[in-house]
Amino acid sequence: MSVLEIKDLHVSVDTELGSKQILRGVNLIIEQGQTHAIMGPNGSGKSTLAYAIAGHPKYHVTSGSILLDGEEMTTLSVDARARAGLFLAMQYPVEIPGVTVTNFLRTAKTAIDGSAPPLRGWIKDVKSSMSALRMDSTFAERNVNEGFSGGEKKRNEILQLELLKPKFAVLDETDSGLDVDALKIVSEGVNRAKSNTDLGVLLITHYNRILRYITPDFVHVFVAGQVVESGGPELAVQLENEGYDEYVKASAAAAAAIASAEAADAAVTSAAAPAVNA
Amino acid sequence: MTSATPAPTTVPESTVPDSTVPEAAAAAFAAPAGGHRGEPVGSKSHTDGAWHEMPVQTRSERYASADVGDFDDPSGHEVDWKLTPIKLVADLISGPLDGSPYDVTASPVDGFTLSWIDRTDDRFGSAGLPEDKASANAWSSVDQALAIDVTGESPSAEFVVARSGLGTVARGAHTVITAAANSRGLVILENSGDARLTENVEIVVRDGAELTVVSVQEWNDSAVHLASHFAQVGRDATLRHVVVSLGGSVVRVNPSIHLSSTGSNTEAYGLYFADAGQHLEQRVYIDHEAENSRSRVKYKGALQGEGAHSVWVGDVLIRQTANGTDSYEENRNLVLSEGTRADSIPNLEIETGNILGAGHASSTGRFDDEQLFYLQSRGISEEEARRLVVRGFLAEIIQKIGSDAVEERLTRAVEAELVDAVAGFAADGAAEGAVA
């Protein structure tokens, strides 16, 4: 059984005003097959955690570890982490002009597996995943994310998740901007991946909504770059009713940190993707 | 010059001498009667220049002559030469040229004929006249022109005319491509090997014809090539014109496309990949003369290596007679390393407001790190990711050519450029790693 272990992770981010500390000692252990929800207010550093796990060059691990089955990930390149079994479903997937979905998927699958997938089985897999995600077959010949609506981009992320079969997936606000039908389709895709490959999921979200369709085993409250409380699914319900105020008020220092994290998150987000969720 | 309202203007009359502003233009800038209070629209100088000065010269009035003696030697400050390394091409501009016929390779295809014609032939000079000295020098140097006549009606018929090994002696050349009324076809001009060449290519697309002309420059590293293409597009006819410049030291291909008949249409595409020390230039001129004419211009280029230089100038003129014009031009450059330079200059002259559209776009940008991150996060190595992105960027143009064989061949040629370029990245990366 695979384990993803995050130990006392400290991460800073490059901003226009210099380097800013966002994560202040994150500890998490995720076993394969488990689903952990990370919930927190805007600017708490949730997306920073996602990017740090994937290895985005703007985020710097200043101390701590990310271990996949005991192997240190923080020193590996972005692509090596993906080949080791990590996957990030992005909040704002970028467009890749001139690269078709088909070509992209095959290139990625070949890179992950170390050899090209046998053609006939592969085409069948792509087709069945696409139809399960209610993606029109013309999608395959379109350029990656180019002219996709917000919902189409999210589905394309889940399509990759199903086909690349990672050990652990981080879903960064995959629910944001989805209407209820799209949310169901995307959630079904995640659940299929869970049952087919015993995927471990780190589900980052602001709202309880997606947790109606993807049942978490654990819920963690994330404030000011730290996990401040952990519990079962009932914690999500409590958060839905009471909000994050209690946690946020807990310390004035935390509030100050949020402001800075918010600024950093906003800077990164706007650089990464100006428009989303059409 | 009188203003129709007593509203104060911020530009004193004295700074706008009557003699420099024709009446029509003056009237256009005057505020409408009973209109705005305060400053009339257009009364303020535009921030990027003195709007009240007429352009030095409109594109349509550029001097043209077939006689090389009518042109002064360029100093390098002229608008059409200032971005070109003229010292490297001085012999082609004003030196003696060998204008004799050369070897061409072409397999016969139904619907196309290839021949050498005398300069007294009607086809010679049927599409335009030189507008710069290098073009006039070539024009004056030849006694014979290569004629390619398209008479077939199969849209997928392709005719490849290749020349290689033109040598290192300065030479002039002249080609005339004529597509008969209602004909269809694709003519591919392939250039490789050595060359010191200045040439003119005339393209006449008669009424109702649809012609594609692809000029591929895959010269040797030291080759120098200056080309002027002149095209006349007939009534309801279409010219698709594609310039692909990959190899050569200095390559300058300037297509002028005249939409001189009602409903004439052109799509002008270009693709270039400038390596270290390479100068690749293209000056595109689209002349909308007739009603309901349509043009699309799209040039995309990648630059890699110290001293890689690309020039794109896109002139579009929409004449007063060209009601219903639909026009758009764009240039995109992808900068892959330090030390490169991409000049990108769109110019629009619009003499009638009664048009469907006239737009332009230009961008020159670095490699997008977010694209790289996205691809890498799916397990794709950095090298492969860069290749995918650049290939994707340029593929858009290759896909416009409309010939599977040519598209495949050019994809491979671009791949070869990319392998070199990516090897450059790897070396850069290693150097950085060593310093760190």
Q) Using 30° and 60° as the class limits, which term best fits the ring planes of A/Tyr51 and B/Phe373: parallel, tilted or perpendicular? A) tilted
* To do: Step by step, work out the side chain to side chain contact (heavy atoms under 4.5 Å, CB included) result for A/Met90 and B/Ser377.
  => CA-CA 10 Å; A/Met90 299 199 195; B/Ser377 78; 3.3 Å; yes
query = If we only count heavy atoms from C-beta on, is the A/Val99 to B/Leu388 side-chain gap below 4.5 Å?
reply = yes
Residues B/Ala395 and A/Gly98: closest non-hydrogen pair is CB-O, 4.5 Å
Find out whether B/Tyr374 and A/Tyr92 are in side-chain contact, i.e. whether some heavy atom of one side chain is under 4.5 Å from a heavy atom of the other. no
Counting heavy-atom pairs under 4.5 Å with chain B, the top scorer among A/Pro97, A/Ala80, A/Pro166 is A/Pro97
In this structure, are over 12 heavy atoms from other groups packed under 6.0 Å from A/Asp198 atom CG? yes
dist B/Ile380:CD1 -> A/Lys109:NZ (nearest 0.5 Å) comes out at 12.5 Å
Nearest heavy-atom contact between A/Ala111 and B/Gly379 is CB-O, 3.2 Å
If you tally heavy-atom pairs under 4.5 Å between each of B/Arg378, B/Gln371, B/Gln376 and chain A, the highest tally belongs to B/Arg378
Turns out that what part of A/Leu88 lies under 4.5 Å from chain B's heavy atoms comes down to both
When every non-hydrogen atom of A/Asn103 is compared with those of B/Arg391, the smallest separation belongs to ND2-NH1, 4.4 Å
Whatever's closer than 4.5 Å to a heavy atom in chain B on A/Asn143 counts as neither
Most heavy-atom pairs under 4.5 Å with chain B, out of A/Leu164, A/Thr107, A/Leu105, A/Leu86, belong to A/Thr107
Mark yes when over 12 heavy atoms from residues, nucleotides or ligands other than B/Asp404 sit less than 6.0 Å from its CG; otherwise mark no. no
Next item on the list: Please check if atom CD in B/Glu338 has more than 12 non-hydrogen atoms from other residues, nucleotides or ligands closer than 6.0 Å.
Entry: no
